[in-house]
Amino acid sequence: MRRFTVYDSRTREVRLFAPLHPPRVGMYVCGLTPYAAAHVGHARTFVFFDVVARALRRWGYRLFYVQNVTNLDDKLIARAAEEGTDPLALAERHFAEYRAAMEELGVTSVNYYPFATDYVPEIVAQVRVLVDRGFAYRAPDGSVYFSVAKFPKFGELSGQNVAALRPGARLELDADKRSPEDFVIWKAATPGEPAWESPWGPGRPGWHVEDTAITERLLGARYDLHGGGIDLIFPHHEAEIALSESATGEAPSVNYWMHGGALRLAGEKMSKSLGNVLPLSEALEAFGPGPVRLFLTNVQYRGPLEFDRERSLPEAREAYDRLRLPYDRFSALLAQAGAAGAGREPPEELAAQATSLVERLDTTLAADFDTRGAVALLFGWVRRLAEPGVELDGLSAPALELLRSPLDWAREVLGLFAEGGAASGSDEAPGIEVALAARARARGRGDFAEADRIRAELAHRGIEVEDRSDGPRWRRVPVG
RNA sequence: GCCGAGGUGGCAGAAUGGUUAAUGCGACGGACUGCAGAUCCGUUUCCUGGGGGUUCGAUUCCCUCCCUCGGCUCCA
């Protein structure tokens with residue numbers, strides 16, 4: 001197991017990671033509330049934790065990665081009412097879209113997506129423990145609230161001082177609460193909404209308790225990693241600590257808290273509430289998963305990231321091509337080498353550099369998941385490969401694989417180059433090859449008008465043609 | 001107001017108590033090309049919010065001010 005460090009939001013320091021039960025690692029990441037389509041901001045968080053999961057597995061940890069789905073809450077109920085549908089069905093639909101987008105993005109590391117409503121017995125049980133132990137109370141309306149005053153550590157994660165919280169617009173001054181900072185863990189049923197029976201009357205789970213009931217069941221009273229967006233620190237994660245540690249009597253419930261920075265659009269956080277979102281599906285359709293993943297992993301995960309509709313993804317596409325084209329070239333050469341048998345060996349120095357670079361990539365990432373630093377190393381490698389004197393043609397298959405290994409690392413850990421053979425020169429589109437042959441004949445007889453016409457026609461179909469020294473090649477590009 | 005994260009080149013964004021402040025995008029020049037693109041080479045030389053302090057040396061550590069963003073019981 002490779003050692004790595006991670007910034008822990010609770011202690012506010014970079015710490016050496018030590019699992020509770022090596023080599024096993026439990027990781028819980030707050031998923032989304034699927035009341036609307038996922039956007040690029042969501043992707044930032046989930047792509048990052050996907051990289052974390054890929055890295056941990058590569059480094060020899062046996063990771064169990066859980067990402068919950070809040071498939072019932074006020075927003076879902078409100079949205080469903082607007083659309084005249086059932087909130088659970090609405091959540092199901094948006095979650096299916098989310099999964100499809102994640103699949104396309106290569107976010108394949110999550111072991112299990114528990115739905116809140118599938119854990120109602122666990123939630124009721126945890127609420128009961130909290131009530132029995134005096135941490136929570138039933139209000140007259142049948143809701144159950146957690147009494148923040150009973151948990152002195154409340155505020156430790158966020159640095160908030162309960163007394164200083166502004167009882168503002170959002171902090172409901174609810175007559176049912178004994179204290180304004182108390183939060184609901186069991187919501188009394190409203191007619192027409194989904195409800196479950198409980199010792200306190202019919203109702204549904206509150207937001208925070210769904211996570212703590214699920215984590216206690218799936219990961220135990222204490223587990224290794226908890227992740228989520230930075231906007232969840234308060235109140236959500238603060239409340240989770242209070243609930244878990246009060247219910248189980250064990251602390252700390254979470255050994256390492258990881259929070260991903262926000263994606264900003266024109267200086268503001270991209271969010272459904274603000275309405276300034278770029279739907280993930282649009283980004284994927286226009287640019288494909290590679291540029292999106294590169295854009296999102298090309299920064300330190302904790303800080304804010306500025307997203308510009310006009311520039312960010314087009315820039316990322318250019319940058320991504322610098323990495324992907326060499327990767328594709330290796331793939332093509334390997335296909336040839338496999339057929340042709342033995343080939344040359346690479347210069348010793350280059351081979352040694354490839355090997356040491358892979359190690360450097362791992363050590364770079366092992367320093368608090370420095371994806372940005374790793375990407376910089378990858379660019380350095382493709383520059384090295386492009387230097388005069390580096391001849392890849394004719395290398396043996398093992399040699400090609402060795403020189404490709406840093407890029408394979410990027411595929412395995414960062415999830416790049418996963419968009420299935422978009423490589424040119426394949427026989428997947430014979431029509432394109434026919435057109436290119438016709439264009440080659442036109443160029444041969446000096447009929448450049450015809451050659452350009454064919455090129456324009458292919459461009460119209462989303463096929464970009466490049467005349468290289470070794471002949472034309474094509475690739476798919478987004479149209480428009 | 002309180003809590004938290006930030007302010008680095010045209011843009012996005014790294015890093016370190018010390019030789020030319022990474023990387024990418026963009027721009028410019030060149031090679032190559034019928035042209036374009038891609039690729040390669042070169043250039044983009046005096047970029048670390050303001051002011052103090054510590055130090056031989058600060059972008060980095062300390063103080064202060066200004067600004068931006070996030071959270072303050074919707075949020076990835």
Side-chain angles (χ1 to χ4, degrees), chain A residues 9 12 29-33 35 38-49 67 70 73-75 78 148 155 157-172 174 177 180-184 206-208 227-236 238-239 259-264 267-274 294-295 298-300 302-308 310-312 314-323 325-326 370 372-380 383 386-388 443 446-449 451-452 455-456 459 464-469 473 475 477:
Chain A
S9 306
R12 298 203 178 87
V29 172
C30 284
L32 42 54
T33 302
Y35 74 90
H39 59 251
V40 182
H42 295 120
R44 180 176 186 197
T45 298
F46 299 124
V47 164
F48 171 69
F49 284 105
Q67 185 184 118
T70 305
D73 82 334
D74 293 348
K75 293 217 164 183
V148 168
L157 176 68
S158 61
Q160 294 281 355
N161 178 351
V162 174
L165 291 179
R166 173 189 281 181
R170 292 190 199 163
L171 186 51
E172 291 172 50
D174 190 329
K177 292 185 189 177
E181 65 271 17
D182 293 350
F183 53 87
V184 68
W207 179 28
H208 316 301
I230 197 168
D231 48 2
L232 295 180
I233 289 182
F234 191 92
H236 186 227
E238 201 75 72
H259 290 100
L263 187 71
R264 292 189 198 171
E268 287 186 311
K269 186 181 76 166
M270 182 181 287
S271 74
K272 286 180 279 194
S273 326
L274 288 170
L294 181 66
F295 171 68
N298 207 194
V299 290
Q300 223 291 334
R302 286 189 269 132
L305 170 59
E306 198 61 49
F307 181 81
D308 185 304
E310 308 302 320
R311 310 180 63 143
S312 296
E315 275 182 24
R317 179 173 59 202
E318 293 305 314
Y320 181 61
D321 279 348
R322 288 182 67 82
L323 300 174
L325 267 38
D370 181 9
R372 186 62 182 95
V375 170
L377 290 173
L378 292 170
F379 282 117
R383 235 183 300 117
E387 280 175 14
R443 292 180 74 204
D447 185 355
F448 298 120
D452 289 348
R455 184 168 64 193
E464 183 179 276
V465 179
E466 297 167 17
D467 296 316
R468 302 175 60 94
S469 52
R473 53 185 243 177
R475 61 182 178 134
V477 295

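Throughout, protein chains are lettered first and strands after them, A, B, ... in sequence-line order, and every chain is numbered starting at 1. Side-chain atoms are counted along with the backbone in the values below, which use heavy atoms only and exclude waters and symmetry mates. Everything numeric here is computed off the predicted structure, so don't read it as measured data.
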Checklist entry - Once the angle between the rings of F295(A) and F307(A) is folded into 0 to 90°, is it parallel (under 30°), tilted (30 to 60°) or perpendicular (over 60°)? => result perpendicular
Item to check | Any strand: nucleotide that pairs with C74(B) via Watson-Crick or wobble, under 3.5 Å | outcome: none
Next on the checklist: Tell me which nucleotide, if any, is Watson-Crick or G-U wobble paired with A27(B) when both distances must be under 3.5 Å.
Outcome noted: U43(B)
Checklist entry - Taking only N and O in the side chain of K269(A), is any of them less than 4.0 Å away from OP1 or OP2 of G71(B)? => result yes
Checklist entry - How is L263(A) classified with respect to the nucleic acid when contacts are heavy atoms under 4.0 Å: base, sugar-phosphate, or nothing? => result base
Next on the checklist: Under 4.0 Å, heavy atoms only, any strand: does G303(A) hit a base, just the sugar-phosphate, or nothing?
Outcome noted: nothing
Checklist entry - With sugar-phosphate meaning primed atoms plus P, OP1 and OP2, does Q160(A) contact a base, only sugar-phosphate, or nothing at under 4.0 Å between heavy atoms? => result base
Next on the checklist: Is it true that, when you exclude E387(A) itself, more than 12 heavy atoms of the residues, nucleotides or ligands shown sit nearer than 6.0 Å to its CD?
Outcome noted: yes
Checklist entry - If you look at every strand shown and take non-hydrogen atoms under 4.0 Å, does L32(A) touch a base, only sugar-phosphate, or nothing? => result sugar-phosphate
Item to check | P235(A) side chain reached by H208(A) side chain, heavy atoms, under 4.5 Å | outcome: yes
Checklist entry - How would you label the contact of G41(A) with the nucleic acid (heavy atoms, under 4.0 Å): base, sugar-phosphate, or nothing? => result base
Checklist entry - A386(A) near the nucleic acid: base, sugar-phosphate alone, or nothing, with a heavy-atom cut-off under 4.0 Å? => result sugar-phosphate
Item to check | Where protein sits on nucleotides 15-34 of chain B, one letter per nucleotide: B base, S sugar-phosphate only, - none, heavy atoms under 4.0 Å | outcome: -------BBBSS-------B
Checklist entry - When we call it a touch if two heavy atoms are under 4.0 Å apart, what does G31(A) touch: a base, just sugar-phosphate, or nothing? => result sugar-phosphate
Item to check | C74(B) base / K272(A) side chain donor-acceptor hit below 3.5 Å | outcome: no
Checklist entry - Does any N or O donor sit under 3.5 Å from an N or O acceptor when you compare the side chain of S158(A) with the base of C3(B)? => result no
